[in-house]
Each structure stands twice: as structure tokens, then as C-alpha cells.
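Taking it in order: structure first as C-alpha cells, then the write-up.
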Amino acid sequence: MNSKDSESFALCAVLRGPAECLSYRLPESCRGLNLVGRRVVVPLGYREAVAVVVAVEEHLPAHLGKEALKDIRLVVDEAPLLPEDLMRLCQWMSRYYFHPLPSVLEAVLPSSHFAHPERYYRLTQQGRHGLQGVGRPEGKSAGGLALERAFLESGELGPKDLESLPKGWKAHLKRLESLGWISRHDVWPSLVPSTKTQKIVVLRSVPDEKRIAASAHLRRFLTVLRDSGGTCPLADLRRQVPQASYWVRKLAAEGAIGVEERDILRESPLAQDLKPRALVTLTPEQQAAVAMMIEAVSSPTFKPFVLYGVTGSGKTEIYLRLIQETVDQGRTALVLVPEIALSTQLEAQFRARFGEALSVWHSGLASGVRDDQWKKITSGQASVVLGVRSAVLSPLKNVGLIVVDEEHDVSYKQDERLRYHARDVAVMRARIANVPVILGSATPSLQSFYHGRTGRYTLVTLRKRVEGRPLPHMHIVDMRRHRGPFRVLSPELVQALKETFQDGGQAMLFLNRRGFASFFLCRSCGAVLQCPHCAVSLTYHQSLERVLCHYCGHEEAVPGLCSACGKGSMVPFGFGTERVEEELHRTFPQVKTLRMDRDTMTCASKVVQTLEAFRSQKAHVLVGTQMITKGHDFPHVTLVGVINADTSLQISDFRSGETTAQLLMQVAGRAGRGEKPGRVVLQTYNPHHHVIQAAATLDYDHFCEHELTSRRTLQYPPFTRMARVLVTGPHGHVTAQAAAELGRMGRAVQAALKAKGIPLAILGPAPAPIQKLKRRYRYNLYVKAWTAEDLQTAVESLLEQAAQQAFLASVQVTVDRDPVSSL
DNA sequence: AGCACGCCGACT
DNA sequence: GTCGGCGTGCTC
Ligand SMILES: [Zn+2]
Ligand SMILES: [Zn+2]
């Protein structure tokens with residue numbers, strides 16, 4: 001074998017590049033290095049790009065000749081940026097969710113790790129002669145002339161210089177480049193995020209007694225320094241000690257203290273100041289639950305648990321014990337929560353338990369904090385990661401346990417780009433790492449409930465509330481009997497509120513619609529005011545005195561006359577949280593209210609503030625959307641009102657029963673204080689609907705059994721596997737035709753698989769429930785199979801055929817596997 | 001994704 | 001003739 005044969009090639013996922021992985025030659029210097037999981041800079045067409053090495057192979061793919069290969073230009077990382085099991089997870093996601101690997105990696109890496117290069121143009125020798133020689137002012141735009149002048153002046157121009165030129169420079173730049181008068185240079189920004197440093201004062205020796213006695217400031221200086229263990233950030237000293245700068249200079253010169261520059265890791269600011277609850281001893285039931293799971297944690301193997309425990313049954317404490325065991329054994333733990341801003345109590349408990357070893361990860365992190373937390377995780381300084389959906393992709397090494405809290409929560413599903421479900425990805429990550437995974441919920445997803453029942457997952461049940469709190473009383477209010485403002489707050493609910501206030505209790509009112517009125521209707525012709533970009537009605541927001549689209553953000557002035565007929569006046573219909581709050585003020589003028597929805601909660605800290613304010617009884621009522629149903633416990637809430645229990649039931653989706661039941665039971669879990677049972681008032685127009693009835697009995701098991709029976713009859717998940725193929729395009733008829741074509745292909749695939757004995761069902765295509773969104777028309781096609789592998793085969797062959805059909809290039813085809821929403 | 005190339009209508 | 005917008009095809 002000669003030396004040429006021993007060459008090896010790197011298969012690279014090029015970021016901000018094509019969907020397929022490309023092969024590159026390894027430069028001499030990289031022989032023998034394990035490049036997998038590291039970033040490299042590679043040439044790509046006329047430019048350079050950052051790529052992640054996916055594999056190093058001895059043999060080229062058959063379709064490529066050696067001559068076709070280019071060299072890797074630069075190896076960016078000294079060690080793998082992504083641990084091996086995370087690379088495998090990414091590859092699994094790419095295949096499972098039918099999404100290009102480079103794009104999956106873009107979701108994993110903080111964007112600072114694949115920043116855009118800056119493009120500079122330099123005047124060449126030839127160019128200088130050219131520009132000085134011929135002055136042809138005629139036929140050149142202002143931009144072109146300015147460009148030439150700028151080049152003659154400075155010789156090199158960057159993005160900022162170019163942007164400041166008047167219009168017309170772009171085309172001229174191209175021309176100068178093709179003439180060879182200027183040359184292009186791409187400059188990469190630092191692909192390793194910079195660290196923030198802090199000056200730290202370190203106490204080396206104590207100055208003599210006399211001087212200490214002589215200066216109060218020095219005494220204070222030394223006290224503060226000693227209190228913080230002999231090392232203290234300079235900034236803190238400056239804040240706490242007068243004349244600190246003088247004493248730092250003086251003592252440093254004498255060698256009594258040292259001033260050191262240290263790297264600091266910026267942290268999430270949310271729950272830093274919250275007091276955690278005291279440690280509790282486990283109830284016998286909790287102990288039993290820990291006992292069931294501890295073995296899989298101590299000597300890790302892949303084992304999924306469903307921790308099914310009613311609200312207040314103390315799941316958190318169980319997580320903490322098992323995580324502690326994991327950390328004690330030198331492994332790391334990954335904990336997922338639906339929304340970190342709603343989990344500050346949990347965060348405070350974790351912070352108290354794990355201190356510096358905790359890394360908090362959520363979407364609201366500033367980029368600097370995000371980079372630092374990434375570094376904290378990759379460098380092994382974090383042994384516990386607590387975060388939202390995307391934290392399932394955090395680069396933890398040596399994972400020993402994964403916890404998904406409130407696993408039924410739909411916020412684990414990402415409904416754009418890479419459409420993954422963090423719970424399912426967590427289970428796969430656990431499988432790859434061969435460690436246990438705990439799915440915790442008071443209302444497990446039907447899927448997990450089912451797996452728990454069949455034994456595929458181990459079911460661990462907590463039936464008792466820790467403080468022995470009784471279940472709330474449930475009242476169903478038949479709203480069909482009420483009119484006018486009583487359709488917002490029924491007399492029954494008003495009465496319950498009155499009694500609650502008299503008892504000094506607090507109430508929560510839940511309505512999953514924000515704004516004041518849901519839509520505007522023309523009194524004369526019946527037209528509904530719609531968003532110009534989407535097929536949805538515009539919502540009236542009183543505080544803004546505007547109507548807005550909740551899907552694309554479009555807003556406009558409140559309509560006067562109908563634009564359809566030109567004569568009718570537009571009147572508001574339906575109501576949202578804003579109206580509920582107003583009705584509340586009208587009925588109870590003295591009562592203080594807080595409102596929590598996307599309109600009032602503009603940032604994460606507002607959420608934390610509002611929740612704290614309500615917990616400390618600064619208001620009597622909390623009105624809100626989805627947000628108020630999650631996580632929190634409010635010890636003084638004795639009444640929960642569900643303003644419209646039907647809203648999520650109306651969505652025509654096989655999952656609507658499940659999500660409604662979960663929602664109602666989660667809300668119900670908020671009510672109750674001490675031994676006093678809480679009250680829950682469900683306002684509904686379908687008082688006899690089985691989901692409402694099930695919620696009223698608070699028997700989730702029974703609901704699930706019922707629901708599973710009907711899913712089995714209708715052959716819906718978890719008995720089958722589904723993928724939604726979403727076709728979108730800017731033109732209605734083209735999109736419709738493309739969807740129809742895709743439907744025909746789907747049926748061809750169905751026929752082909754049937755011949756192999758593989759059953760498949762194709763449903764649709766049909767216009768999506770929201771037919772137009774952000775100026776794009778939308779159609780759904782559903783592919784149903786009886787096993788995950790059959791679904792894989794079917795969708796793969798469908799996509800393969802679609803890629804060959806040129807006509808389908810004019811639309812966008814995305815696959816949403818295990819869809820949660822049909823919108 | 002980002003880039004080049006080619007084609008076309010709008011504008012000096 | 002010049003400029004920019006858009007559709008098409010390619011990147012190891
Ligand atoms: Zn009208
Ligand atoms: Zn819209």
C-alpha cells in the first residue's frame with residue numbers, strides 16, 4: 001500500500017451551507033488527530049465556511065473522484081466541541097426529523113460559534129493604475145464614483161465602509177472584482193467566544209495592628225475581604241468600602257494583597273436572589289419512589305421512568321435526591337423544565353443544592369451568558385444543567401441522568417425549523433448514553449401513560465399530596481344559560497370570588513386568549529376583520545388601542561367603518577384576558593389584580609416579579625393565559641376559575657381532548673390551602689362533554705383509559721405513528737397543486753409499500769387549519785404508519801420523489817414528525 | 001445558506 | 001449602458 005492510499009477524508013457538515021455533508025481532504029498536519037466533533041474552516045464554492053467534522057473515513061464515497069476534493073483550511077477547535085454521544089444524537093435527530101444535519105448542528109451550537117465572516121476588498125496594483133489612469137465620470141452612478149474614490153483613499157474597504165456609500169456601489173464592486181482591480185478577503189471573527197474577566201483581590205498577609213487601629217476604612221476593607229473568604233472581586237470592595245482604590249494600591253504595593261485577573265462565567269440572573277425552601281424529609285411514598293429508581297441511577301443503564309405524581313406530591317425532592325446521587329458518583333445530570341421563568345422556585349432549590357455546579361439554560365439568555373454557560377458545560381464545571389427545550393442539546397459530558405419535568409407540556413415541541421420534541425429527544429439521548437430518564441408529570445402525556453402501562457417505561461406513582469392537602473371541589477357552570485357580561489364572569493363565579501375575598505384567599509382566573517376582544521364583525525354585512533398576511537382575525541387590544549395579529553405581529557388602527565361594504569360599523573366580539581380583568585374591576589372595584597400574558601410579560605424578569613408579587617399577596621386575583629397554569633404553587637390560592645374550559649377543545653385535532661384534560665387538571669391543581677380544599681369553577685358551553693366531566697372528577701387515570709380506547713379504535717397515536725407534511729408557498733393555487741401532487745406521490749408510495757406488506761395511510765392533502773400564515777398558503781398531508789421504521793421508509797421515499805419533481809421546487813415542503821399542532 | 005450567472009425591466 | 005430583482009443551479 002502506498003502513501004496515497006492511506007489518505008483519509010473528513011465528512012463535514014458545513015454550517016450555513018448545503019443540506020448534504022461534503023468530503024474534504026485532511027491536511028498533513030491533521031493525520032492521526034481525532035477531528036470528529038470539532039469545527040473546521042473549509043472552502044465552499046467561492047467562499048469559506050465553518051463546518052463540523054462528522055466522520056473521518058479511509059475511503060471516498062463512490063461518486064467522488066479524488067481530484068474533486070479540497071483541503072480543510074483550518075482546524076478551529078483543539079478538542080471536540082461536541083461530545084461523541086451528542087454527535088450521535090444530532091445524527092439521529094437529522095434522520096428521525098427529516099432535517100439536514102448541518103441545520104441540526106446550527107440548532108445545537110450558540111451562534112457565536114459559527115458567526116459570519118466579514119468581507120474586505122483590497123485595491124490591487126493593477127486596480128490602482130486603472131483607477132488613476134482612466135477617469136470616466138460619465139455613465140457611472142454616484143455609488144460607483146464614491147466607491148472608486150473610497151478605494152483610492154484607503155486601499156481597503158470593509159462592510160461598514162461599503163454600507164455608508166450612496167446607492168449604486170454593489171454592481172460596480174462586482175465589475176471591479178471581475179476586472180481584477182480589487183481582491184476579496186474574508187476575515188473570520190473569533191470563533192471562540194471571548195471570556196469576560198474580573199479583577200479579584202486576594203489577601204496575602206495581614207497588615208500590622210497599629211495601622212489597622214489607625215484607619216476605619218482599612219478595618220472595613222479587611223473585614224469585607226475576610227468575610228468573603230480572603231478573595232473578593234475588586235468591584236465589590238469598591239462598592240462596600242470607602243477609599244477602597246487607595247487601599248488596594250497601597251496594600252498591593254506592599255505585597256499584603258494581590259490583584260489578579262480571573263475569567264468569570266456570566267450566569268442567568270433570574271432566580272439568584274430567591275430563598276429556597278428548607279430541606280424536607282421524604283414521605284414513605286417518596287422514599288419508595290426513590291428506591292424504585294435509585295439502582296438505575298447508581299449503576300446507570302437506559303431505563304425510562306414515568307413519575308406520575310399529583311400536584312404537590314413532591315416530585316422535585318425526588319429529582320433532587322436522584323440527581324445528588326448522580327453527581328456524587330461523578331456524573332452529570334440534565335433537567336428539562338417547560339419555561340424557566342415559570343420555574344424560579346425550582347431554580348432556587350437547584351441553586352441552593354448545587355451552587356456553582358449548576359448551569360441554567362433558557363432562550364432568554366443574553367449571548368454573553370449563553371456563551372459562558374456553554375463553556376461552563378463543555379469544560380466540565382457544570383454538573384447539573386437546568387433548562388428549557390433546547391437544553392436537551394446541551395454539550396454535557398458524562399451524563400448520568402436525564403429528567404424531564406412536566407413532560408406532557410407542549411412547549412417541549414418546537415414548531416419551526418427543526419421540529420423536535422425535547423421529551424422524545426431526551427429519551428433518545430438517554431438511550432445513547434445508556435442512562436435512566438425520568439418523565440415527571442401530574443398529567444402524563446397519553447404516549448408516556450401508555451408506555452407506562454405496557455411496561456415499556458417503568459411507572460412510578462405518587463398518589464398522596466405531601467401536606468395531605470385534600471383535592472379541590474369542582475363546579476361546572478353551564479354558560480349556555482348566561483348572557484351579556486355574565487358570559488365573562490358567571491354569577492356562580494362572581495359568588496365564589498366574593499366568598500374567597502371574604503375568607504382572605506386569593507383567586508386565579510384562566511383564559512387562553514389574550515387581548516380584549518377576539519375579533520371585529522361588520523354589523524351590516526357580517527365581514528370579519530382579518531390580518532392581511534394571515535387567514536386569521538385581528539384581535540382588539542384595549543391597552544394599545546390597536547388591533548393585532550397574534551400570528552405575524554401585524555397591527556393596525558381600530559376599524560371604524562367596514563372596509564368590505566363601506567357602510568356597516570365594526571363591533572367587537574369575543575373576549576380575552578384584558579376584558580376579564582376589566583370585568584373583574586367593574587364587579588369588584590376594590591380588588592387588586594395582576595395579569596399575566598404575552599402582552600404584559602415582555603421579559604422573563606417581569607414574569608418572575610409578577611409571580612413573586614402574587615405569591616406575597618400583593619394582589620387578590622391573577623388573571624392570565626397558559627402561563628399561570630404552569631409549575632407554581634401559590635399557598636393562598638383557594639379559588640381557580642376557568643373562564644372558558646372549551647377553548648382548547650374546539651380545535652379539530654385528535655389530541656385536543658388530551659391537552660384540554662391536562663390543562664384543566666393542571667389548573668385545578670393550583671387550588672387549595674392547608675387542610676382547606678380549594679374550589680375550581682369550570683365555565684363551559686359543553687357541560688356534558690366527556691373531557692369536561694373527566695376533568696370535574698379529577699380522575700386522570702380514568703380519562704386516559706377512555707382516551708386510549710378511542711385512540712385504538714380510530715388508530716391514532718400512540719397506536720400508530722404520524723408525520724405531517726406541510727406544504728407552503730406564496731401562491732394559493734400553486735401551493736394547492738403542489739400539495740395535490742405530493743398527495744398523489746404519497747399514494748404511490750403507499751401502493752409500493754403495500755406490495756411489500758407494509759401498511760400505510762395517506763390523509764389529505766387539506767388546507768391547514770390556518771390556511772395562510774405570514775403571506776404563505778398552507779396545506780397539510782398526513783402520513784400514518786404502524787411502526788416508526790415504516791414511517792421512516794415512507795416519508796424518506798416520499799421526499800426523495802418530491803426532490804425530483806421540479807414543479808415542487810416552487811413550494812416549501814417540511815415534515816413535522818409526531819406533530820402536536822396541526823396549524 | 002450564500003454565491004454566481006443570466007435574463008429582464010426600469011432608469012439614467 | 002447601468003442597476004438591481006429574481007429564478008436557477010451548484011457547492012466536496
Ligand atoms: Zn360590512
Ligand atoms: Zn398575520
Side-chain angles (χ1 to χ4, degrees), chain A residues 7-27 30 35 39-74 94 99-107 109 111 113-121 134 136-148 159 162-163 165-180 182-188 416-418 729-731 734 738 775 803-812 814:
Chain A
E7 257 185 334
S8 47
F9 311 98
L11 191 63
C12 296
V14 184
L15 305 176
R16 299 190 207 281
E20 305 77 33
C21 290
L22 305 179
S23 300
Y24 289 87
R25 212 187 338 249
L26 291 174
C30 295
L35 290 183
R39 285 171 302 164
V40 290
V41 171
V42 294
L44 180 70
Y46 292 84
R47 66 187 171 116
E48 285 187 332
V50 175
V52 174
V53 179
V54 177
V56 175
E57 287 158 349
E58 294 300 317
H59 300 286
L60 269 182
H63 62 95
L64 277 177
K66 241 177 222 170
E67 332 69 59
L69 286 204
K70 293 182 183 172
D71 277 6
I72 285 175
R73 292 251 165 95
L74 180 75
S94 170
H99 201 78
L101 183 58
S103 193
V104 173
L105 293 166
E106 282 165 19
L109 292 169
S111 53
H113 290 249
F114 55 100
H116 287 273
E118 293 210 306
R119 179 152 291 180
Y120 288 87
Y121 294 89
V134 268
R136 300 169 297 155
E138 80 290 346
K140 263 178 219 159
S141 64
L145 284 168
L147 183 71
E148 291 188 359
L162 293 170
E163 284 311 321
L165 294 173
K167 257 176 87 85
W169 56 269
K170 271 184 192 158
H172 201 55
L173 191 74
K174 283 245 162 87
R175 191 151 353 97
L176 292 179
E177 195 186 0
S178 63
L179 280 170
I182 55 176
S183 62
R184 196 165 74 182
H185 307 270
D186 281 347
V187 178
W188 287 96
E416 51 178 42
R417 284 195 187 87
L418 171 56
H731 309 291
V734 178
R775 297 182 179 172
Q804 277 156 23
Q805 175 80 50
F807 166 58
L808 289 176
S810 61
V811 295
Q812 201 181 69
T814 41

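Here is how names work: the chains are called A, B, and so on, in the same order as the sequence lines, proteins then strands, and each is numbered from 1. Because the structure is predicted, anything quoted here is derived from the model rather than measured.
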d(NZ, A:Lys170; P, C:dG4) in whole Å: 7 Å
If you draw a 6.0 Å radius around CZ in A:Arg184, do more than 12 non-hydrogen atoms from other residues or ligands fall strictly inside? yes
How close or far is atom C1' of C:dT11 from atom OH of A:Tyr46, stated in whole angstroms? 10 Å
Considering every strand and a 4.0 Å limit on heavy-atom distances, what is the contact class for A:Pro43: base, sugar-phosphate, or nothing? sugar-phosphate
Take atom CG of A:Leu145 and atom P of C:dC3, then tell me their distance rounded to the nearest Å. 10 Å
I want to check one thing: is the phosphate of B:dG2, taken as OP1 and OP2, less than 4.0 Å away from some side-chain N or O of A:Arg119? no
Could you list the residues that satisfy salt bridge (Lys or Arg N to Asp or Glu O under 4.0 Å) with A:Arg775, not counting sequence neighbours? none
I need the CD-P distance between A:Glu118 and B:dG2, as an integer number of Å. 15 Å
With sugar-phosphate meaning primed atoms plus P, OP1 and OP2, does A:Leu64 contact a base, only sugar-phosphate, or nothing at under 4.0 Å between heavy atoms? base
Under 3.5 Å, is there a donor on one side chain and an acceptor on the other for A:Glu48 and A:Trp188? yes
Whole-Å distance, A:Asp186 CG to B:dC3 C1', equals 11 Å
Of A:Glu106 and A:Lys174, whose nearest nucleotide on DNA chain B comes first from the 5' end? A:Glu106
If you check every side-chain atom of A:Ser23, which of C:dC12, C:dT11, C:dC3 has the closest atom? C:dC12
Are A:Tyr24 and C:dC12 close enough that a side-chain N or O sits under 4.0 Å from OP1 or OP2? yes
Have a look at A:Gly17 and say if it touches a base, only the backbone sugar-phosphate, or nothing, with a 4.0 Å heavy-atom cut-off. base
Distance test, side-chain N/O of A:Ser141 to OP1/OP2 of C:dT2, below 4.0 Å: no
Is A:His116 close enough to B:dA1 that one of its side-chain N or O atoms is under 4.0 Å from OP1 or OP2 there? no
Compare the minimum distances between each of C:dT2, B:dG2, C:dG4 and the side chain of A:Arg47, then state the nucleotide with the smallest one. B:dG2
OP1 or OP2 of B:dA4 less than 4.0 angstrom from a side-chain nitrogen or oxygen of A:Arg184, does that happen here? yes
Between A:His113 and A:Ser111, is there a side-chain donor-acceptor contact under 3.5 Å, judged purely by atom types and distance? no
Measure from CZ on A:Phe114 to P on B:dG2 and round the result to the nearest Å. 10 Å
In whole angstroms, the gap separating P of C:dC3 from CG of A:Leu165 amounts to 13 Å
Nearest-Å distance, CZ (A:Arg16) to P (C:dC10)? 24 Å
Which heavy atom of A:Phe9 sits nearest to which heavy atom of A:Lys66, and what is that distance? CZ-CE, 4.2 Å
